[in-house]
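Order of appearance sets the numbers: ligands from 1, and atoms from 1 within every ligand. Worth knowing before you read on, the calculation uses all heavy atoms, side chains too, and leaves out hydrogens, waters and symmetry mates.
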Amino acid sequence: MKKILLIVSGGIAAYRSLDLIREIKRRGDDVTCVLTKSATQFVQPLSFGALSQNKVYTDLFDLESETNIGHIKLSRNADLVVLAPATANILAKMSYGISDSLATSILLANNKPLLIAPSMNVKMWNNPSTKNNIEKLKKYGHIFVGPDEGEMACGEVGSGKMSKVEDIYKEIEFLLKPGPLKGKKALVTSGPTIEPIDPVRFISNKSSGKQGHAIAERLSKLGADTHLITGPVNIPYPDNVRVTEVNTAEEMLNACKNSIPADIAIFAAAVSDWKPTKNFQNKIKKSFNDGDLNLSFSQNPDILRTISETNINRPKLIVGFTLETENLMESARKKMLDKSCDWMIANNHIQKNKSVFNSDMNEVSFLNDVSDESWGLISKKNVAENLCIKIIEFFDNAA
Ligand code: C5P
């Protein structure tokens, strides 16, 4: 039996959460409800108590539960926290870390996966403030279900209706299912790094982040607690993944150091090997140096090598990526040994006359200490899938 903590905020859809409780109970799981003050204006706590057959919590300063530090304990005792319905107001509070009620304090102190089912008027949902808040909360790794489109209680039509109970329950079921990588912590680097020349110019490369993001998405779907450390990219972040945005190789290295201990580390980022030795504080003028500009570059730290060679908390499995325009396999094996990583994925730069950059396809070979195998030209999502199958096998064999 799994334990779900259901937080209900004050939207008209609060009454539909009663059906969600019935569904959770019907499947044999336990549910405890926390209501915001405004939720109690829509539905009586008694209804939640009767259906959940558990005490209903509404007040941060409820003496009995607070002597037991209720706002901490409630999430510690749960396997999953569900916020349904989630109003624009509670999402805004969460995005700013406000904890002015029992519900918002639980959400701030929560250490469990959080599923959010938004419900609000279409204009509220489309408001840029709400959009920014949602983007921020997704970056923290929270999972969203819905909202659906349709006619709202106010009569307006559009996106903002809380998802159907069966759709919310499907997500709950998926999140509670033990994935093969549940309990494993993974870090994935993705995208390019950018190295500043002056306040407006930089050097970088063409990496889109598609491969690294696909791997982070797959790891998370398989249950790994996944941290994506990414340079600037123009693609959406995967759901249920914690994201740290960085610019330079130095920043990426620091974020990786802060992310270990981890069980799995995948270095799919195209890290700039060099950075301009001097970072000019002001924009360099065309007249600078009477004409041509000569810049000198110094080497960036090698993140893969640094993490692979660390003695303390070295991740159990470290995977590097490499892309070459010549002698790919030979150079990939040499790099794997040289950088002390466990596996290497070797990218062919050109596939069918098209560059790998920004493509949805990838032509790769997989190398470990004993063999190499070509995976041919497949989608980046399939590369992620194949790699994750190998990762699951690795941990199964190690067990
Ligand atoms: O650029 P190179 O082929 O050496 O990259 C091989 C691997 O090393 C990749 O996994 C890349 O993410 C990583 N790398 C790194 N830090 C660097 C350069 C590359 O972590 N400065």
Side-chain angles (χ1 to χ4, degrees), residues 186-196 202-216 219 226-233 244-260 262 264-277 297-310 313-350 355-357 362-369 372 375 380 383-384 386-388 390-391:
L187 99 87
V188 181
T189 70
S190 186
T193 64
I194 58 173
E195 311 292 335
F202 58 80
I203 61 159
S204 188
N205 58 65
K206 292 179 176 172
S207 170
S208 65
K210 282 184 180 172
Q211 186 61 80
H213 282 49
I215 293 168
L219 285 168
T226 308
H227 184 189
L228 175 67
I229 298 169
T230 177
V233 290
T244 300
E245 291 170 350
V246 295
N247 284 318
T248 65
E250 299 264 3
E251 287 169 10
M252 191 172 268
L253 174 61
N254 286 336
C256 288
K257 282 183 177 165
N258 288 335
S259 187
I260 55 175
I264 307 156
I266 316 269
F267 293 90
V271 183
S272 175
D273 290 322
W274 302 278
K275 63 174 179 200
T277 308
F297 292 88
S298 21
Q299 237 180 56
N300 261 328
D302 194 302
I303 304 166
L304 172 61
R305 185 198 304 274
T306 311
I307 302 294
S308 294
E309 289 180 352
T310 176
N313 291 330
R314 183 195 189 274
K316 291 179 197 80
L317 180 62
I318 300 184
V319 186
F321 272 70
T322 186
L323 180 147
E324 293 291 347
T325 48
E326 54 193 346
N327 299 333
L328 177 63
M329 296 306 281
E330 200 182 309
S331 142
R333 184 156 295 282
K334 189 168 171 299
K335 253 183 207 171
M336 185 169 78
L337 296 173
D338 189 42
K339 299 197 187 200
S340 312
C341 63
D342 304 301
W343 298 346
M344 193 58 104
I345 306 278
N347 274 47
N348 242 339
H349 176 218
I350 300 289
S355 162
V356 60
F357 292 115
N362 214 350
E363 188 172 0
V364 304
S365 294
F366 168 88
L367 288 85
N368 62 15
D369 55 347
D372 55 72
W375 289 349
K380 289 182 176 171
V383 170
N386 285 0
L387 178 59
C388 286
K390 296 265 181 206
I391 293 172

Can you name the side-chain hydrogen bond (donor to acceptor under 3.5 Å, both in side chains) partners of Arg305, sequence neighbours left out?
Asp338
Smallest separation among heavy atoms of Asn368 and Met336, with atom names
O-CE, 3.3 Å
I'd like a table of donor-acceptor pairs (distance under 3.5 Å, sequence neighbours excluded) in which one partner is a side-chain atom from residues 315-324, with atom names and distances.
| residue | atom | partner | partner atom | Å |
| --- | --- | --- | --- | --- |
| Lys316 | NZ | Asp263 | OD1 | 2.5 |
| Thr322 | OG1 | Lys335 | NZ | 3.2 |
| Glu324 | OE2 | Ser331 | OG | 3.3 |
| Glu324 | OE2 | Lys335 | NZ | 2.7 |

Report all protein residues having a heavy-atom distance below 4.0 Å to some atom of ligand 1; order the list by chain, then number.
Phe267, Ala269, Val271, Asp273, Pro301, Asp302, Ile303, Leu304, Gly320, Phe321, Thr322, Lys335, Lys339
Cation-aromatic face contact Lys275/Phe297, 6.0 Å, 45 degrees
no
Return yes if a side-chain donor-acceptor contact under 3.5 Å exists between Glu195 and Asn300, otherwise no.
yes
Under the side-chain hydrogen bond (donor to acceptor under 3.5 Å, both in side chains) rule, collect the residues that match up with Glu309, sequence neighbours excluded.
none
